[in-house]
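Take a look at the structure set out below.
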Amino acid sequence: MSILKLVLGLVPIIWLIIALSGLKMPGFKACPLAIIFAAAVALIYKKMAPVHVATAIVEGVCMALWPILLVIIAALFVYNLVQATGAMDKIKAMLTSVSVDKRVLALIIGWGFGTFMEGMAGFGTAVAIPAAIMVGMGFDPIPTVISLLIVNSTPTAFGSVGVPTTSLATAAGLDVMTLSANTINIQLLLEFLSPFFMVIVIGGGIKALKGMIPYTLLASISLCLPAFIMAHVAGSELPDIVGSIVCMVALVVFASKFMKDDPPEEYNVGKTSGQKLELTLGEGIKAWAPFIFIFILLLLTSKLFPMISTPLSVFKSQIQIYNGIEYYDPSAASGTANFSWVNTPGIWIIISGIIGGLIQGASIGKIFGILGTTLKNNLKTILTICSVLATARIMVHSGMTRDVADVLVQITGSFYPLFAPLVGVLGAFVTGSGTSTGILFGSLQSAAATQINVDPGWLCAANSLGAGVGKMIAPSNVALACASAGLVGSESKIMSNSIKWVILFAVIGGIITYVGPMIGIVAM
């Protein structure tokens with residue numbers, strides 16, 4: 001019976017893996033069919049009422065539209081706008097004045113700036129905005145997307161000003177400071193290695209590390225060390241933000257002073273970035289205006305400024321869309337879907353784009369025309385992500401996802417810590433969200449830890465690690481990345497190339513989770 005529960009619980013995931021990786025189907029075709037597979041299992045095996053399946057689908061679609069798709073459209077709108085105003089040419093010129101080596105630029109934009117966007121906003125901005133900038137500079141889209149998915153895996157736990165970790169602490173009944181410390185401890189090695197993996201992927205192999213070891217080492221240390229300190233001293237809100245700021249400053253200064261030699265031709269983006277321009281400070285600020293306003297507005301409306309964020313938090317709704325029971329535990333109360341109508345990253349990114357566009361000389365008509373075109377050009381992405389979230393809500397409410405995790409705990413016993421990150425991978429694959437994965441599996445990880453006499457905070461940290469890793473192949477996240485890089489329809493290719501990195505990270509994460517208590521790196 002346990003094996004049957006495991007197999008049936010995995011049916012929609014098995015379909016997505018076959019369709020996207022095996023059959024090479026585009027996401028907008030494969031993902032709607034996943035709804036049918038999930039609904040069939042829920043109706044026939046889990047005896048879920050048809051009206052409950054329907055409202056679970058509606059809930060998933062609404063959660064996809066707001067805030068996930070809002071962020072995607074907003075980020076693409078800003079990128080398309082700066083392209084249309086000619087500001088992107090100036091941004092490219094400024095970046096290539098630091099370095100024309102695409103490995104260096106990838107670390108500054110993808111690793112440093114991407115982690116900053118994750119820490120400030122989350123919800124896909126860490127992949128969407130860097131991907132658009134890098135592809136616009138002439139980077140090969142597929143390696144760019146894969147490398148961004150890799151380096152975005154470990155910052156996930158501290159994204160959106162720490163929301164995934166604080167939510168997990170609440171769901172599992174843990175002290176958030178201890179959980180923050182355990183999370184940075186458990187993911188530190190993979191976070192340290194991530195920039196090296198980025199250079200390898202961007203550069204087309206391990207040969208790309210030649211001459212880049214000191215710079216990549218600086219990228220790792222300058223982000224990981226401040227993040228480690230902040231997680232232990234200040235909690236979950238600041239590790240990504242402080243670490244990324246220190247990292248970007250260190251990388252820009254080092255590259256400007258010590259890496260002025262032309263790189264090998266295969267790594268030189270200068271030839272594809274156009275003629276270098278001589279820009280004044282004012283012209284540079286004007287070119288970066290939308291991104292400067294993104295930084296300012298996201299910072300001021302974050303939890304770091306409660307005098308602003310608290311009043312804005314009033315503009316939200318809690319709506320009971322799903323009208324059924326939780327089939328994995330009928331006694332559990334069904335949660336409400338939360339919608340922040342003002343203080344959500346997508347809103348501030350769109351506002352930043354409008355202000356920045358006006359500064360750059362675009363008319364209101366042109367700005368909103370670009371916004372409309374961006375929306376129209378991404379209908380396939382909208383369909384894909386709505387389908388993924390609808391499937392996820394069926395799986396969660398019917399108990400399919402919980403069945404898979406429960407069976408894994410039963411089968412592995414005392415060796416469960418080796419597989420604990422896989423539960424997080426599963427949750428992220430289904431939900432596409434580190435926060436949702438923590439809420440979904442936090443209590444299960446805590447209960448499993450108690451059964452095998454392991455610190456609950458340690459296995460919950462493993463869940464966070466797995467959630468970040470799982471986002472590399474989460475269909476919703478992959479669709480977002482493909483949309484940002486102009487690769488709509490190439491989701492299967494991205495997933496096929498990303499799966500080996502997921503396996504590597506999950507294996508390393510499982511080993512760290514298992515040996516952690518033995519070597520004394522568990523925070524108590």
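For A506 against V469, the heavy-atom pair with the smallest separation is N-CG1, 4.4 Å. Heavy atoms only, all atoms of each residue included: G438 and L168 are closest at O-CD1, 3.4 Å. Among all heavy-atom pairs drawn from V246 and S222, the shortest one is CG1-O, 3.4 Å. Taking every heavy atom of both residues into account, A30 and A19 meet most closely at CB-CB, 3.7 Å. Across every non-hydrogen atom of T437 and G427, the tightest pair is OG1-C, 3.2 Å. What you find for A131 and S484 is that their closest heavy atoms are CB-CB, 4.0 Å.
The CD1 atom of I57 lies 11.5 Å from the CD atom of E59; values are rounded to the nearest 0.5 Å. Note: K90 NZ to I285 CD1 = 12.5 Å, rounded to the nearest 0.5 Å. Rounding to the nearest 0.5 Å places CD1 of I394 at 10.0 Å from OH of Y322. Here F339 contributes atom CZ and L65 contributes atom CG; the two are 8.5 Å apart, rounded to the nearest 0.5 Å. Annotation: the span from L389 atom CG to C31 atom SG amounts to 10.5 Å, rounded to 0.5 Å. Separating the OG atom in S352 from the CD1 atom in I294 is a distance of 5.0 Å, to the nearest 0.5 Å.
Contact check for V163 versus E237: no side-chain heavy atoms found under the 4.5 Å cut-off. Under the 4.5 Å side-chain criterion, counting only non-hydrogen atoms from C-beta, L504 is in contact with F197. Under the 4.5 Å side-chain criterion, counting only non-hydrogen atoms from C-beta, M395 is in contact with I13. The shortest distance between side-chain heavy atoms of L358 and I364 falls below 4.5 Å. The side-chain heavy atoms of D240 and M230, taken from C-beta on, include no pair separated by under 4.5 Å. In this structure, the side chains of L312 and T301 come closer than 4.5 Å at one or more pairs of heavy atoms. A 4.5 Å side-chain heavy-atom check between N343 and S313 finds every atom pair outside the cut-off. Counting heavy atoms from C-beta on, the side chains of K471 and V127 never come closer than 4.5 Å.
Under the 3.5 Å distance criterion, the side-chain polar atoms of S498 are left unmatched by any main-chain donor or acceptor of M495. With N268 contributing its side chain and P264 its backbone, the two residues share no donor-acceptor pair below 3.5 Å. Under a 3.5 Å cut-off, the side chain of T156 and the backbone N or O of G468 do not form any donor-acceptor pair. Checked by atom type and distance alone, the side chain of T165 never pairs as donor or acceptor with a backbone atom of G162 at under 3.5 Å. Remark: the backbone N or O of Q187 is not paired with any side-chain donor or acceptor of T154 at under 3.5 angstrom. A donor-acceptor distance shorter than 3.5 angstrom exists from the side chain of S180 to the backbone of S236, with no hydrogens or angles considered. Here the side chain of S220 pairs a donor or acceptor atom with the backbone of F192 at under 3.5 angstrom. Between the side chain of R103 and the main chain of A208, a donor-acceptor pair closer than 3.5 Å is present. With hydrogens and angles disregarded, no donor-acceptor distance shorter than 3.5 Å links the side chain of S317 to the backbone of I319. Side chain of S476 to main chain of I385: no donor-acceptor pair is present (N/O by atom type, distance under 3.5 Å, no hydrogens or angles).
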Legend entry - Working for side chain to side chain contact (heavy atoms under 4.5 Å, CB included), residues F505 and I150: CA-CA 9 Å; F505 275 49; I150 290 170; 3.9 Å; yes
Legend entry - side chain to side chain contact (heavy atoms under 4.5 Å, CB included) between M472 and I146, intermediate numbers included: CA-CA 8 Å; M472 284 193 233; I146 294 169; over 6 Å; no
Inset, instruction - Decide yes or no on side chain to side chain contact (heavy atoms under 4.5 Å, CB included) for I36 and W15, but give the supporting numbers first. - result: CA-CA 10 Å; I36 298 174; W15 160 249; over 6 Å; no
Inset, instruction - Begin with the C-alpha distance, continue with both residues' side-chain angles, and end with the deciding distance and a verdict on side chain to side chain contact (heavy atoms under 4.5 Å, CB included) for F28 and L379. - result: CA-CA 9 Å; F28 69 90; L379 292 177; over 6 Å; no
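Within a 6.0 Å sphere centred on NZ of K376, other residues, nucleotides and ligands contribute 12 heavy atoms or fewer.
For the pair K29 and E491, the salt-bridge criterion is not met [side-chain N within less than 4.0 Å of a carboxylate O].
Residues in residues 128-152 take part in these side chain to side chain donor-acceptor pair (under 3.5 Å) pairs, two or more places apart or across chains: E118-N152. The ring pair (Phe, Tyr, Trp, His ring centres under 6.0 Å) analysis of residues 201-230, with sequence neighbours excluded, yields the pairs Y215-F254, F228-H232.
Under the side-chain hydrogen bond (donor to acceptor under 3.5 Å, both in side chains) criterion, S496 pairs with K24, not counting sequence neighbours.
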Could you list the donor-acceptor pairs under 3.5 angstrom formed between side-chain atoms of residues 66-78 and any protein atom two or more places apart in sequence or on another chain?
unit_1, atom_1, unit_2, atom_2, d
W66, NE1, S340, O, 2.8

Using atom types as modelled, flag every donor-acceptor pair under 3.5 Å from a side chain in residues 365-375 to any protein atom, sequence neighbours excluded.
unit_1, atom_1, unit_2, atom_2, d
T373, OG1, G369, O, 2.9
T374, OG1, N80, ND2, 2.9
T374, OG1, I370, O, 2.8

If you look only at distance, which donor and acceptor atoms sit under 3.5 Å apart when one is on a side chain in residues 104-117 and the other is two or more places apart or in another chain?
unit_1, atom_1, unit_2, atom_2, d
W111, NE1, A219, O, 3.0
T115, OG1, W111, O, 2.6

